[in-house]
Amino acid sequence: MSTTRTDFQDPGAVQGAGVLETRLIDIGRERFAGDVWGRTALLTRCASDFSDLFSPEAVDELISRRGLRTPFLRVAKGGSTFPDSSFTSPAGVGATIGDQLDDTALWRKFADGATLVLQALHRTWEPVSDFTTMLSSELGHPVQANAYITPPQNRGFDDHYDVHDVFVLQIEGTKRWIIHEPVHPDPLRDQPWTDRRSAVAEAAKGEAYIDTVLEPGDALYLPRGWLHAAEAQGEVSIHLTLGVHSWTRYALAEQLTQAALAVLGDDPEMRRTLPLGVDEPNGEIDVVRERLAAALAEADSIPLFHGARRRQSRPAPLGPLAQLAAVDSLGPESVVRLRDALEARLESSRLTTRVGSFDFPETDLPSVMRLLDGEVHTANDLGVELVERLLRAGVLVPVEQ
């Protein structure tokens with residue numbers, strides 16, 4: 001028996017429109033995929049009410065009550081970032097932590113015109129975490145989230161481009177966005193805008209592709225490489241930036257090359273030492289080129305691709321106390337489901353996930369196949385022993401009844 005399945009299916013994406021269509025764009029998924037994705041900027045007015053995802057109250061709670069540490073926050077003003085030591089301090093008695101956010105220092109910098117950047121909200125704020133998980137599933141690319149809190153009339157960062165796609169969601173206040181077409185289309189992750197600083201500055205002087213003010217509920221999509229700068233208007237502005245770390249053909253080429261090199265490592269001729277005194281290895285390079293081409297044709301890079309995808313994101317949160325209670329109270333009528341965002345794949349008799357790989361006897365494979373549908377199941381349906389094993393492994397989670 002051999003099969004491959006993925007674990008997370010957003011019901012909206014399967015049965016109807018998902019979060020991309022219902023909350024971020026108004027042109028339909030097919031048109032977005034064919035005409036916009038990775039090609040051009042898109043402004044969507046009144047895309048959604050984003051207040052359920054983030055809010056001013058969320059900003060205050062994260063900064064003043066959650067005990068966040070760097071690098072979960074950056075502070076910028078005039079196009080430069082402040083050193084972490086200027087807005088962090090020791091955690092106080094009983095904690096040997098020296099870099100927690102100092103809310104008083106942050107208040108003073110904010111009041112003096114600095115922009116606060118709450119980073120990795122997909123790890124620290126549950127509504128954003130849930131949303132990015134669904135969006136990542138729909139897009140097929142990893143998604144992260146930052147929030148930018150900008151005081152009135154302040155410009156946090158100069159014109160620049162990102163090496164990932166972004167969706168900008170305006171949460172509170174207004175912000176003027178000035179967008180220019182790329183000077184280096186589709187930059188790779190090791191090709192930052194600072195490598196082309198003068199070209200970016202020159203392009204930013206030209207006519208803008210988009211020059212608009214975002215209001216709460218508006219959404220803006222920018223492919224990687226598109227130049228942008230933003231400035232708050234007469235009030236505090238809060239926006240979420242959802243960064244989409246797009247997979248590229250170049251990344252696939254890297255993985256295919258790795259797989260080919262692994263094939264060549266098993267070739268005795270490729271492991272052979274070059275001739276003594278070799279100076280111009282043209283003939284040797286011809287041999288290598290020929291064998292490398294053959295190895296590329298033979299190599300299977302799919303496992304590397306899926307392995308890289310698993311490493312780029314984390315599974316859904318797991319409560320250790322709730323998990324222990326589920327194991328202790330496990331019985332035939334216990335209800336469980338596959339943990340979200342596991343990137344689970346069943347190949348032959350091995351289940352590979354973000355929390356490890358597991359081998360199963362042939363008799364368990366029908367049950368493993370069933371749990372990959374993402375639906376809820378009773379322990380009796382799957383097998384109590386199998387459910388206990390996967391609860392202990394963090395693959396299954398209990399469902400409250």
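Computed from heavy atoms alone, side chains included, the values below leave out hydrogens, waters and symmetry copies. What you see is a predicted model; the values in this text were computed from it and never measured.
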Decide yes or no for [X] and [Y]: does some side-chain heavy atom of the first lie under 4.5 Å from some side-chain heavy atom of the second?
{"X": "Val244", "Y": "His164", "answer": "no"}
{"X": "Leu351", "Y": "Glu347", "answer": "no"}
{"X": "Trp37", "Y": "Ser246", "answer": "yes"}
{"X": "Leu135", "Y": "Thr133", "answer": "no"}
{"X": "Thr248", "Y": "Asp186", "answer": "no"}
{"X": "Trp125", "Y": "Glu61", "answer": "yes"}
{"X": "Asp84", "Y": "Val75", "answer": "no"}
{"X": "His245", "Y": "Arg189", "answer": "yes"}

Will you find, in the side chains of [X] and [Y], an N or O donor that is under 3.5 Å from an N or O acceptor?
{"X": "Gln100", "Y": "Asp102", "value": "no"}
{"X": "Arg197", "Y": "Thr194", "value": "no"}
{"X": "Gln119", "Y": "Arg74", "value": "yes"}
{"X": "Thr378", "Y": "Asn380", "value": "no"}
{"X": "Thr70", "Y": "Asp99", "value": "yes"}
{"X": "His239", "Y": "Ser237", "value": "no"}

Rounded to the nearest 0.5 Å, how far does [atom2] of [Y] lie from [atom1] of [X]?
{"X": "Ser357", "Y": "Arg350", "atom1": "OG", "atom2": "CZ", "result": "5.5 Å"}
{"X": "Ser334", "Y": "Leu330", "atom1": "OG", "atom2": "CG", "result": "4.5 Å"}
{"X": "Leu43", "Y": "Tyr221", "atom1": "CG", "atom2": "OH", "result": "14.0 Å"}
{"X": "Asp162", "Y": "Trp193", "atom1": "CG", "atom2": "CH2", "result": "10.5 Å"}
{"X": "Ser129", "Y": "Leu53", "atom1": "OG", "atom2": "CG", "result": "11.5 Å"}
{"X": "Arg339", "Y": "Leu396", "atom1": "CZ", "atom2": "CG", "result": "11.0 Å"}

So if I apply the side chain to side chain contact (heavy atoms under 4.5 Å, CB included) rule between [X] and each of [options], which one comes out positive?
{"X": "Leu242", "options": "Val166, Asn146, Leu169, Leu139", "result": "Leu169"}
{"X": "Val287", "options": "Arg291, Arg289, Glu290", "result": "Arg291"}
{"X": "Leu256", "options": "Leu296, Asp300, Ile302, Leu261", "result": "Leu296"}

Tell me if a side-chain donor or acceptor on [X] pairs with a main-chain N or O of [Y] at a distance below 3.5 Å.
{"X": "Ser64", "Y": "Asp60", "value": "yes"}
{"X": "Gln233", "Y": "Glu231", "value": "yes"}
{"X": "Gln323", "Y": "Leu391", "value": "yes"}
{"X": "Arg123", "Y": "Gln144", "value": "no"}
{"X": "Ser329", "Y": "Ala325", "value": "yes"}
{"X": "Glu21", "Y": "Arg29", "value": "yes"}

(request) Under the side chain to side chain contact (heavy atoms under 4.5 Å, CB included) rule, what do Leu118 and Phe72 come out as? Steps first, then yes or no, please. (result) CA-CA 6 Å; Leu118 283 162; Phe72 283 109; 5.9 Å; no
(message) Show, in sequence, the C-alpha distance, side-chain angles and deciding distance for Arg345 and His306, and conclude whether the side-chain hydrogen bond (donor to acceptor under 3.5 Å, both in side chains) test is met.
(response) CA-CA 9 Å; Arg345 301 179 67 82; His306 290 302; 3.2 Å; yes
(request) Take Val213 and Asp218 through the test side chain to side chain contact (heavy atoms under 4.5 Å, CB included) and record every step on the way to the result. (result) CA-CA 9 Å; Val213 174; Asp218 291 345; over 6 Å; no
(request) Given side chain to side chain contact (heavy atoms under 4.5 Å, CB included), test Val200 with Tyr161 step by step and report yes or no. (result) CA-CA 8 Å; Val200 168; Tyr161 66 73; 4.1 Å; yes
Shortest non-hydrogen contact from [X] to [Y]?
{"X": "Val19", "Y": "Glu138", "answer": "N-OE2, 2.6 Å"}
{"X": "Leu116", "Y": "Leu106", "answer": "CD2-CD2, 4.1 Å"}
{"X": "Ser313", "Y": "Pro142", "answer": "OG-CB, 3.9 Å"}
{"X": "Leu42", "Y": "Ile25", "answer": "CD2-CG2, 3.9 Å"}
{"X": "Ser86", "Y": "Ala105", "answer": "O-CB, 3.8 Å"}
{"X": "Val327", "Y": "Arg392", "answer": "CG1-NH2, 3.3 Å"}

(message) Against the six-membered ring of Phe360, is Arg389 placed for a cation-pi contact (under 6.0 Å from the centre, within 45° of the normal)?
(response) yes
(message) I want to check a possible cation-pi pair here: Lys109 against Phe87, using under 6.0 Å from ring centre and within 45° of the ring axis as the test.
(response) no
If the threshold is 4.0 Å, N to carboxylate O, is there a salt bridge linking [X] and [Y]?
{"X": "Arg23", "Y": "Asp52", "value": "yes"}
{"X": "Asp112", "Y": "Lys77", "value": "yes"}
{"X": "Asp103", "Y": "Arg65", "value": "no"}

When you look at [atom1] of [X], are more than 12 heavy atoms from neighbouring residues, nucleotides or ligands closer to it than 6.0 Å?
{"X": "Arg337", "atom1": "CZ", "result": "yes"}
{"X": "Arg271", "atom1": "CZ", "result": "yes"}
{"X": "Arg45", "atom1": "CZ", "result": "yes"}
{"X": "Glu30", "atom1": "CD", "result": "no"}
{"X": "Glu385", "atom1": "CD", "result": "no"}

Test of ring centre spacing under 6.0 Å for [X] and [Y]:
{"X": "His184", "Y": "Trp226", "result": "no"}
{"X": "His180", "Y": "Tyr209", "result": "no"}
{"X": "His228", "Y": "His160", "result": "yes"}

(request) Take Phe167 and Thr241, measure what side chain to side chain contact (heavy atoms under 4.5 Å, CB included) needs, and give me the verdict at the end. (result) CA-CA 6 Å; Phe167 287 93; Thr241 293; over 6 Å; no
